[in-house]
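Just the heavy atoms: all of them, side chains too, but no hydrogens, waters or symmetry mates, feed the values below. Predicted, not measured: the structure shown is a model, and the values here were computed from it. Chain letters run A, B, ... following the sequence lines, proteins first, then strands; residues in each count from 1.
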Amino acid sequence: MNLEHQLSSYVLSAFEQVWNIDINPEIISFQETKKEFEGSHTLVCFSLTKFTKLSPEQTGEAIGKYLTAHAPFVTRFNVVKGFLNLTISDVYWLDSLKSISQTTNYGFGEDKNELVIVEYSSPNTNKPLHLGHLRNNFLGYSVAEILEANGYKVIRNNLVNDRGIHICKSMLAYILFGNGETPESSNLKGDKLAGKHYVLFNNILLRENVIIRDTISKEIQSINPMVESGQLSPEEYITELVDRLEKLERSNPGMDKLDLNKYKSLLLNDQCVLDEAQNIINYILNPVDHNFKVEEKNFSLILAQSMLLKWEEGDSQVRELWQKMNTWVYAGFEETYEKIGVKFDKYYYESNTYLLGKEVVEEGLKSGVFFTKDNGSVWIDLKEEGLDEKLVLRNDGTSVYITQDLGTADLKYNDFQFAKSIYVVGNEQDYHFKVLQAIMKKLGRPYADGIYHLSYGMVDLPSGKMKSREGTVVDADDLVNEMLQTAETNTRELGKVNDFSSEEANKLYQTLGLGALKYFLLKVDPKKRMLFDPQESVQFQGNTGPFIQYTHARIRAILRKADEIGIHTPLWEFDRIELLPVEKDVIVWLNKFPQILKEAGEKYSPAEIANYVYELAKEYNRLYQEVSIFNEAHMPALKSRLLISYVTGNLIKTCMKLLGIDVPERM
RNA sequence: GCGCCCAUAGUUCAAUGGAUAGAAUUUCAGAUUCCGGUUCUGAUGAUGGGGGUUCGAAUCCCUUUGGGCGCACCA
């Protein structure tokens with residue numbers, strides 16, 4: 001039973017004995033006493049006045065008197081306006097300190113025997129990870145740690161988006177530009193290689209657009225006379241297009257070289273492309289069709305769509321290339337995950353799950369939750385839930401995004417019978433997840449209430465807002481490397497590593513750089529959009545990871561010294577009955593941890609932990625500054641300060657671990 | 001157009017409906033230097049605007065302004 005519970009029960013008995021009333025324990029709540037008043041716990045009396053029939057001040061006085069008389073650990077009280085501030089005895093705090101120091105996993109929750117799935121990262125296999133993914137990964141990993149500490153069994157899940165038109169774009173570009181290169185031959189990480197080709201695909205689009213615009217323009221004489229005489233076949237048009245692409249390349253020597261022969265043969269062998277070419281020719285002959293849009297006439301896009309169809313049919317060539325490129329990408333991702341220290345217990349691949357969900361649709365149709373429109377498409381009406389009508393199956397019977405999610409939710413439940421399923425996904429998908437949960441409720445899924453969308457905001461950089469659309473994405477690997485580099489520079493300048501071996505030093509840079517990055521991204525309320533300042537994050541002062549890491553290292557240094565001078569008998573064996581205010585402040589703060597951890601778990605918010613551990617480090621530094629440890633002549637006082645240091649150091653380490661951050665023993 | 005989210009010192013972040021809105025950073029002034037420098041103390045400075053509910057509002061409601069996101073038979 002913690003202190004607040006004990007206080008509450010004394011307040012309850014005060015009401016029983018003084019006023020002869022039973023009150024609801026829930027209206028008794030304590031809060032932290034403001035620094036300028038004496039005491040540590042404060043009871044707000046306003047809401048109690050209707051029971052006492054007294055003014056808030058009188059109520060506070062009366063309860064205060066009762067508590068000092070009956071609760072052994074309440075030594076003094078004062079009432080300011082309607083606030084009753086309680087002072088707890090030093091003996092109580094010293095006992096709590098000793099007890100914390102002997103508790104393993106202090107503050108952790110009881111085993112809840114419930115399973116939670118935390119799904120995060122969930123990358124596209126054609127794009128390397130960027131800054132936004134880092135926030136996602138760190139959040140997911142940390143929330144998983146926090147839930148585990150709260151007593152849940154946690155599955156860290158990664159749903160890999162490894163299929164779809166976007167993958168085919170990369171594959172097509174690889175066929176046309178790749179020239180057989182591999183991560184080894186190009187010396188690129190696998191995900192970077194795939195990403196490069198995704199960009200190259202857009203390159204073809206642009207080139208084609210230029211040329212298609214040219215060919216449909218009447219001013220280009222070399223082709224149009226043939227059109228007018230009706231002599232231009234789709235094949236000839238394609239040949240013309242490829243010729244022009246070649247000319248374009250020749251006049252721009254810096255351009256990436258397209259394998260034109262391969263491209264031409266792909267185009268000529270695709271019926272959809274030939275049909276589209278005929279459409280273009282028809283338009284050139286008779287350009288009255290106002291709906292004709294050049295942007296929609298990209299042959300490369302048509303090829304990518306054909307490729308997706310082939311993939312779905314299981315075409316062996318397409319599948320083989322897909323397999324090969326995905327293997328590269330996964331290797332690249334793993335390298336990054338390893339580097340940033342996140343891990344997963346389970347992977348789902350969309351290539352395996354994209355067909356799921358159709359049975360769910362069937363079921364919903366039978367039960368009348370879904371309905372069919374005239375064209376055969378299937379919908380759900382969520383107007384009662386404050387949402388709109390939403391498509392769940394196309395008229396051709398194929399799945400949409402939400403269909404897959406319906407299916408995967410069932411799959412996950414069948415696999416794990418989770419109590420909660422947490423999706424760490426950006427806030428641009430808020431609506432999607434509202435719909436998902438609403439549908440699951442309507443379908444009567446037992447787990448529907450356990451679905452939680454951990455929605456987080458975008459990360460901006462000081463150099464300007466980053467948006468993938470505008471191409472200003474910041475690559476995750478580059479950023480991490482930059483952080484490690486800055487950590488190294490700063491640390492060297494301060495001369496912290498002069499006596500370190502190069503191996504130790506490198507490990508330290510890694511710890512500091514990553515710690516800075518993770519702490520900075522996690523200390524902010526997840527749902528808020530935030531600004532990441534790399535320079536500020538690696539500072540050793542301020543609300544930063546390295547500041548906290550530094551405090552930990554300092555504590556370890558103190559404990560090493562204590563050991564050297566022979567104080568290593570059990571630290572908790574001392575007799576002391578009085579505490580200095582700064583000492584008590586730290587102990588009070590240490591006592592808050594269980595509650596903070598619980599709240600962080602309930603709110604899925606690593607920021608709670610981050611802000612707590614920062615305050616803890618500050619409180620400790622204040623103690624460190626104001627009182628001497630080793631110059632203390634009174635041995636019980638010296639030992640109790642060492643014990644405070646020991647417990648604080650351990651708790652800093654625990655908190656940082658919950659954030660996925662390592663702390664150094666020395667620096 | 002409709003819907004959701006956000007708005008707090010110069011800047012970056014805090015604040016279960018509770019006290020004089022806290023930190024960090026910046027600038028200025030000082031202290032400590034025992035274990036360790038980057039530690040500590042103090043000063044300056046803010047709830048976008050207007051209404052309402054409440055004993056009490058940064059927080060809840062309405063309105064207005066300014067940002068972001070979403071409104072695909074894309075994922």
Are Tyr456(A) and Asn136(A) close enough that a side-chain donor and a side-chain acceptor fall under 3.5 Å? yes
Once hydrogens and angles are ignored, does a donor-acceptor distance under 3.5 Å link the base of A19(B) to the side chain of Thr42(A)? yes
Which part of the nucleic acid does Gly164(A) contact within heavy-atom distance under 4.0 Å: base, sugar-phosphate only, or nothing? nothing
Base, sugar-phosphate, or nothing for Asn161(A), non-hydrogen atoms under 4.0 angstrom? sugar-phosphate
Would you say Lys618(A) reaches U39(B)'s phosphate, i.e. side-chain N/O to OP1/OP2 under 4.0 Å? no
What string of B, S and - do you get for nucleotides 6-16 of chain B, 5' to 3', when a contact is any protein heavy atom under 4.0 Å? SS----SSS-B
Return the polar atom pairs (N/O with N/O) between nucleotides 57-63 of chain B and the protein under 3.5 Å, or none.
none

For C34(B), does OP1 or OP2 lie under 4.0 Å from any side-chain N or O of Arg554(A)? no
Between Asp162(A) and Glu350(A) (side chain of the first, backbone of the second, donor and acceptor by atom type, cut-off under 3.5 Å), is there such a pair? yes
What's the closest nucleotide to the Phe630(A) side chain, out of G70(B), C35(B), A24(B)? C35(B)
Heavy atoms only, 4.0 Å cut-off, all strands: where does Asp405(A) land among base, sugar-phosphate and nothing? nothing
Which part of the nucleic acid does Thr398(A) contact within heavy-atom distance under 4.0 Å: base, sugar-phosphate only, or nothing? nothing
Looking for any heavy atom pair under 4.0 Å, which part of the strands does Lys34(A) touch: base, sugar-phosphate only, or nothing? base
NA contact type, Tyr614(A), heavy-atom cut-off 4.0 Å: base, sugar-phosphate, or nothing? sugar-phosphate
